[in-house]
Amino acid sequence: LLYQYLYSLSFNPIYPGEDAKDNHHPMLSIGWYGLADDYKQSLELLVEILENTDLTDEAEIKRVLDKYLPALDQSRGDGFALAQILGFSGSDMERRYTNYLQGQEFYKFAKNVRESLEADPSYIEELREKITSVRDLILRRDNLIVMNTASQDNLDKMEKVSEEILGAL
């Protein structure tokens, strides 16, 4: 379904500069390619994933962390590139935010989560509460900006679908 309805799904952190005034805060951009005729199914699937990801299966969470942790560790690669990323993170809000969500800081966070799951059986509840809290802050109808690219006829239909699905959040 991901390839059919959410092709090339991506989550990208953005942090608009101070000139964005009220929008000068961390944001998350979610993008994908799809057919206009499939937009409703695509948006429904995305909301389903975001709202209903199973956070109760500790074994599966550990398996996913074990699978991706090695690839997240940027210290295993080009040391100069990592030094640049960390250096720029000190002077640029967007790069710092990106590092927290995708860089070496995220690796450290994910590694700590994995270690905490192993050391403390009750940590899964704390993790679930934190993830749910963040999700609930992000996934609100008054907190979303929707941008689509399509023909005008399709844009009008997509806008109505967005209002229907996201307005129910």
Side-chain angles (χ1 to χ4, degrees), residues 1-17 20-74 93-107 109-111 113-114 117 123-169:
L1 288 177
L2 281 176
Y3 290 114
Q4 181 176 354
Y5 294 117
L6 297 172
Y7 182 72
S8 197
L9 177 65
S10 65
F11 295 86
N12 297 297
I14 56 174
Y15 201 130
K21 298 185 176 36
D22 290 344
N23 290 316
H24 175 60
H25 55 80
M27 297 182 180
L28 181 65
S29 169
I30 303 172
W32 72 90
Y33 296 98
L35 299 174
D37 289 341
D38 293 338
Y39 181 68
K40 182 174 183 175
Q41 293 89 338
S42 297
L43 193 55
E44 287 173 340
L45 179 59
L46 178 64
V47 170
E48 174 75 19
I49 291 168
L50 295 173
E51 283 190 320
N52 297 311
T53 297
D54 182 8
L55 301 172
T56 61
D57 189 343
E58 183 176 352
E60 180 64 7
I61 292 170
K62 287 178 179 179
R63 186 195 68 76
V64 169
L65 285 168
D66 289 342
K67 178 179 178 179
Y68 290 104
L69 271 172
L72 291 172
D73 187 1
Q74 295 174 347
M93 289 296 288
E94 184 158 359
R95 290 183 185 186
R96 184 174 314 135
Y97 180 55
T98 300
N99 188 38
Y100 286 145
L101 296 182
Q102 296 177 335
Q104 195 64 14
E105 288 301 317
F106 181 74
Y107 164 73
F109 165 77
K111 182 179 175 191
V113 166
R114 179 62 180 93
L117 286 169
Y123 182 74
I124 187 72
E125 292 300 322
E126 180 183 338
L127 179 64
R128 185 178 19 254
E129 286 174 17
K130 287 180 180 179
I131 291 173
T132 301
S133 172
V134 170
R135 184 207 56 215
D136 291 347
L137 286 170
I138 294 170
L139 199 57
R140 299 187 336 241
R141 69 174 171 263
D142 64 341
N143 199 32
L144 300 171
I145 299 169
V146 177
M147 294 182 280
N148 295 306
T149 303
S151 68
Q152 188 60 51
D153 289 344
N154 285 325
L155 281 175
D156 293 339
K157 293 175 193 172
M158 293 164 88
E159 183 177 346
K160 288 177 185 167
V161 167
S162 294
E163 288 172 4
E164 172 192 330
I165 294 171
L166 301 177
L169 296 176

Could you tell me whether the side chain of [X] and the main chain of [Y] form a donor-acceptor pair under 3.5 Å?
X    : Y    : result
D73  : Y107 : no
S162 : M158 : yes
R135 : E51  : yes
Y97  : H25  : no

Can you measure from [atom1] ([X]) to [atom2] ([Y]) and round to the nearest 0.5 angstrom?
X    : Y    : atom1 : atom2 : value
L43  : D38  : CG    : CG    : 12.5 Å
E94  : M27  : CD    : CE    : 10.5 Å
T98  : I14  : OG1   : CD1   : 9.5 Å
N12  : L101 : CG    : CG    : 10.5 Å
M93  : H24  : CE    : NE2   : 5.5 Å
I124 : E58  : CD1   : CD    : 5.0 Å

* To do: State plainly whether the residues E163 and K160 are in salt-bridge range, i.e. N to O under 4.0 Å.
  =>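 Result for this pair is no, no salt bridge flagged.
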
* **E164 and K40 ion-paired at < 4.0 Å** =>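 Here E164 pairs with K40 in a salt bridge, since their nearest N and O are under 4.0 Å apart.
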
Looking only at heavy atoms, which two atoms of [X] and [Y] are closest? And how far apart?
X    : Y    : answer
L2   : L45  : N-CD2, 4.3 Å
R114 : D66  : NE-OD1, 2.8 Å
S42  : L6   : O-CD2, 3.5 Å
Q104 : L72  : OE1-O, 4.0 Å
I138 : N143 : O-ND2, 3.4 Å
E44  : I165 : CG-CD1, 3.5 Å

* To do: Please step through side chain to side chain contact (heavy atoms under 4.5 Å, CB included) for the pair L50 and I30, ending with a clear verdict.
  => CA-CA 11 Å; L50 295 173; I30 303 172; 4.0 Å; yes

Might you confirm whether atom [atom1] of [X] has over 12 heavy atoms from other residues, nucleotides or ligands at distances under 6.0 Å?
X    : atom1 : result
L137 : CG    : yes
Y3   : OH    : no
D22  : CG    : no

* Asked: Can you list the steps and then say if L46 with Y5 is a side chain to side chain contact (heavy atoms under 4.5 Å, CB included)?
  -> CA-CA 9 Å; L46 178 64; Y5 294 117; over 6 Å; no

* Asked: Aromatic rings Y39 and W32: how do their planes relate, parallel, tilted or perpendicular, breaks at 30° and 60°?
  ->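 Parallel, since the angle between the ring planes stays under 30°.
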
* Kindly determine whether S151 and D153 satisfy side chain to side chain donor-acceptor pair (under 3.5 Å), including the steps that lead there. => CA-CA 6 Å; S151 68; D153 289 344; 5.5 Å; no

* **I131/T53 under side chain to side chain contact (heavy atoms under 4.5 Å, CB included): CA gap, chis, key distance, verdict** => CA-CA 10 Å; I131 291 173; T53 297; over 6 Å; no

* To do: Flag the pair Y123 / V113 as yes when at least one side-chain heavy-atom distance between them is below 4.5 Å, and no otherwise.
  =>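 A side-chain contact under 4.5 Å exists here.
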
